[in-house]
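Each remark here refers to the structure printed beneath this line.
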Amino acid sequence: MKNKTLFVSAFGVALMGVTAINAQELVLPEGMEILTPENVEVTVSTARANDKDKALTIAGSAENGYKAYFTAKDAEHGEELWVSDGTKEGTKMVKDIYPGVTSSNVLYITRFNDKVVFQATANDDEGAELWISDGTEAGTYMIADINILGGSEPAGFTQINENEFIFGAKDYESISYGEEEQRWLWISDGTADGTRLLKDCKVIYPGAKVATDDERFFVRVGRKVFFKADTKDNEFGEELWITDGTEAGTKMLLDINKTVANEETGATAGAQLDWFTNFKNEKLFFIAYSNEYGNEPWVSDGTTEGTYMIKDLTEGTDANGLPAGHGAFTPRVYKDKVYFRGYDPYYGLELFVTDFTAEGTHIVFDINTNPTATGTANGSPDLFCEFDGVLFMKGATGSDANLPTNYGLELFYTDGTAEGTKMQSDLNPGTGPNAAWEGMVVSGSFYFRAQDQTPAAGSSQAWELFKIDSKDEFPKKVVDLGEGPDFVHSLRNLDGDLVFTSQIKKSLFVYHYRKADYDPQKDKENMDPDFGETSAVMAPSSMDKTVDIYPNPASDYVCIDTDAEVYGYTITDLSGKLLVKGHADSNKIMLDDLSAGMFILSVETSEGVMNSKLTVK
């Protein structure tokens, strides 16, 4: 196999023991290349969470292709929004949002169909506001200046249906209400006119994190979004809320933790919500703290009656007299059930499964059989994803080199039964940990970051890139980027190719690889969101309603052909950017301010909002 040889200049890294790459040759495998220029540093966060402040996000469509959006900085522009189509020529800074060397501090890049929405700062007067981008400079702009007194600091972006996303943001009223600034719940279709306050509730983002590697703060299930919030009067603390995109359909589901936190007001404490997981667009799996049982697994179907604790896995109280709950970690949906790291008083932290009933919630397999005073030691599995028909995870078998069953922390998989659960490989020989994380499937191959030897004392995990092509194949190291820990992270699927970055070389990498028996019918992943069945309460999109206009194509003016009363109109470009807005005194609209092109004319009438495509010559 041929190799590509690239020259890497020296630069410093100072995170978790990662050492700098000195001037040297970096040998990459065939199919892998660096996409960002040598003088550009990718600034994606190393956190394991999916809801990162600095995220690497894939957006696009099957018709127009997919792109990777991320933040990066250079000496001339500071840190700004970048985009890549998987080629060097198509990897570039999108826009210098805050002109000059000052960074625009792009945060929470989130997919919205074939675009991304995010928080950014264009100048000190507007502050951090709501932005959108289609990957071009012209198609990157602020949607709305929500907070007239400064930045609205929007966060928690979650697409709720084909046309809208919800988020938390600050406006004049929310920062002036009560004794603290609050984010309230907003909804947007990506246009200024379609951005509005949905509910004046206190959106808590990201909320209390029970786990250090919490992956999900807001989660869509079908056409509704579960999120963490409180009333604006702080009556309940952080509790479980839901929205269907309407004010009437936005509400708290249940006061899970009824512990009184304020004797004077009667306000209760928060539920420490964590590990939100979408179960087949039907239910939400999560963990929550209640005053009766502590941290335990819960489920919700979006109704108060259908929100309940699944099982009290840890009965009784701890040494402080508090409920002795242990929660649930890294839940994954597999074979119509949810698998997770749960707790058993005898077996400790091990692989569990639930069908959302107490009887159907139990241990699957005891990974660590080393005896303790109360039973066996913790296997502490962290679950990754389904691959080749089984569910992959890592688990701790024990670190006593004198015991033949101790291999350290290694890769496992399960078919959902004890008999079908096995250690996949001893990647780091002996009892050293392979420390695997970020398992994901791209084009029918399973990728993860791990190590095949233990780094020197005082150093961080090596976290180099590995892959397997079938469930029982011994893992192969894809690349070693340099001396010391590579710390590859943010593994993403760019329409069949793997993209990622690293702390030893802060660049954007792409890897084009197809296994020997690659089958595009079976191995090509769906890149688009699944919103499930159309909800009966979901209002039809305004894009489904059209209004007749003439002449079209038009030149100086256009007339609206409708018997309804016309209230107003907007004209946007095809990306959704607002160009013209006005009140209609008649059914005739002048087009003096428009250049030639195609646009969307939206007309608000007594029958609702209707749209038509308008061509201007």
Side-chain angles (χ1 to χ4, degrees), residues 95 112-118 120 122 126 129-134 136-148 152 154 157 159-167 169 171 186-198 245-247 538-617:
K95 184 173 185 174
F112 177 48
N113 293 330
D114 58 354
K115 303 174 184 179
V116 290
V117 290
F118 53 94
E126 291 174 345
E129 285 294 350
L130 176 64
W131 282 67
I132 194 168
S133 176
D134 63 359
T136 68
E137 183 174 6
T140 302
Y141 51 87
M142 184 175 71
I143 296 175
D145 187 0
I146 294 174
N147 187 0
I148 61 175
S152 65
F157 306 113
Q159 189 167 348
I160 191 168
N161 55 50
E162 290 85 349
N163 306 302
E164 298 170 305
F165 61 93
I166 61 108
F167 60 100
D171 64 3
W186 287 67
I187 191 168
S188 176
D189 64 0
T191 68
D193 283 350
T195 302
R196 68 185 190 280
L197 178 68
L198 182 58
T246 69
E247 183 177 7
M538 179 184 171
S541 167
S542 61
M543 291 301 294
D544 295 333
K545 302 178 182 179
T546 59
V547 61
D548 293 329
I549 57 176
Y550 67 91
N552 190 19
S555 179
D556 301 322
Y557 65 90
V558 64
C559 292
I560 305 165
D561 186 7
T562 177
D563 294 332
E565 183 179 357
V566 178
Y567 299 143
Y569 68 91
T570 61
I571 300 177
T572 66
D573 63 19
L574 297 185
S575 72
K577 183 178 181 180
L578 179 65
L579 302 176
V580 179
K581 179 178 180 180
H583 297 287
D585 297 326
S586 68
N587 285 26
K588 185 176 182 179
I589 298 174
M590 303 305 296
L591 305 176
D592 300 337
D593 297 330
L594 288 183
S595 57
M598 183 170 285
F599 308 91
I600 298 294
L601 171 62
S602 299
V603 181
E604 185 179 1
T605 73
S606 54
E607 295 181 354
V609 178
M610 297 180 283
N611 304 271
S612 285
K613 287 188 177 180
L614 168 67
T615 301
V616 177
K617 295 188 296 184

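Starting from 1, each residue takes its place in the sequence as its number.
- In terms of the ring-ring contact (aromatic ring centres under 6.0 Å, His included) criterion, residue partners of Phe165 (sequence neighbours excluded) are, by chain and number, Phe112, Phe167.
- With sequence neighbours excluded, the residues that form a side-chain contact (heavy atoms from CB on, under 4.5 Å) with Asp145 are Glu126, Glu129, Met142.
- A side-chain N or O of Asp189 and one of Thr191 form a donor-acceptor pair less than 3.5 Å apart.
- In this structure, Ile571 and Tyr569 approach most closely via the heavy-atom pair CG1-CD1, 4.4 Å.
- When side chains are defined from C-beta on, Ser188 counts as touching Ile143, because their heavy atoms get closer than 4.5 Å.
- The CG atom of Asp556 lies 7.5 Å from the CG atom of Leu591; values are rounded to the nearest 0.5 Å.
- Of all non-hydrogen atoms in Gly245 and Ile160, the two that sit nearest each other are N-CD1, 3.5 Å.
- We find the CD1-CG distance between Ile187 and Leu197 to be 11.0 Å, quoted to the nearest 0.5 Å.
- Rounding to the nearest 0.5 angstrom, the gap separating the CD atom in Glu164 from the CZ atom in Arg196 is 6.0 Å.
- Note that the CG atom of Leu130 and the CG atom of Asn147 stand 12.5 Å from one another [nearest 0.5 Å].
- Contacts of Asp171 classified as side-chain hydrogen bond (donor to acceptor under 3.5 Å, both in side chains), with partners at least two apart in sequence or in another chain: Ser174.
- Residues Ile589 and Leu601 meet the side-chain proximity criterion, which asks for heavy atoms closer than 4.5 Å.
- Residues Ala120 and Trp131 share a closest heavy-atom pair of O-NE1, 3.6 Å.
- For the pair Thr140 and Lys95, the tightest heavy-atom approach, listed with the atom from each and the gap, is O-NZ, 2.9 Å.
- A donor-acceptor pair is defined here as one N or O able to donate and one able to accept, closer than 3.5 Å; such a pair exists between the side chain of Asn113 and the backbone of Glu162.
- The line from CH2 of Trp186 to CG of Leu198 is 10.5 Å long, rounded to the nearest 0.5 Å.
- The closest side-chain heavy-atom distance from Val603 to Thr562 is not below 4.5 Å.
- Side-chain contact check for Tyr141 versus Ile132: some heavy-atom pair is nearer than 4.5 Å.
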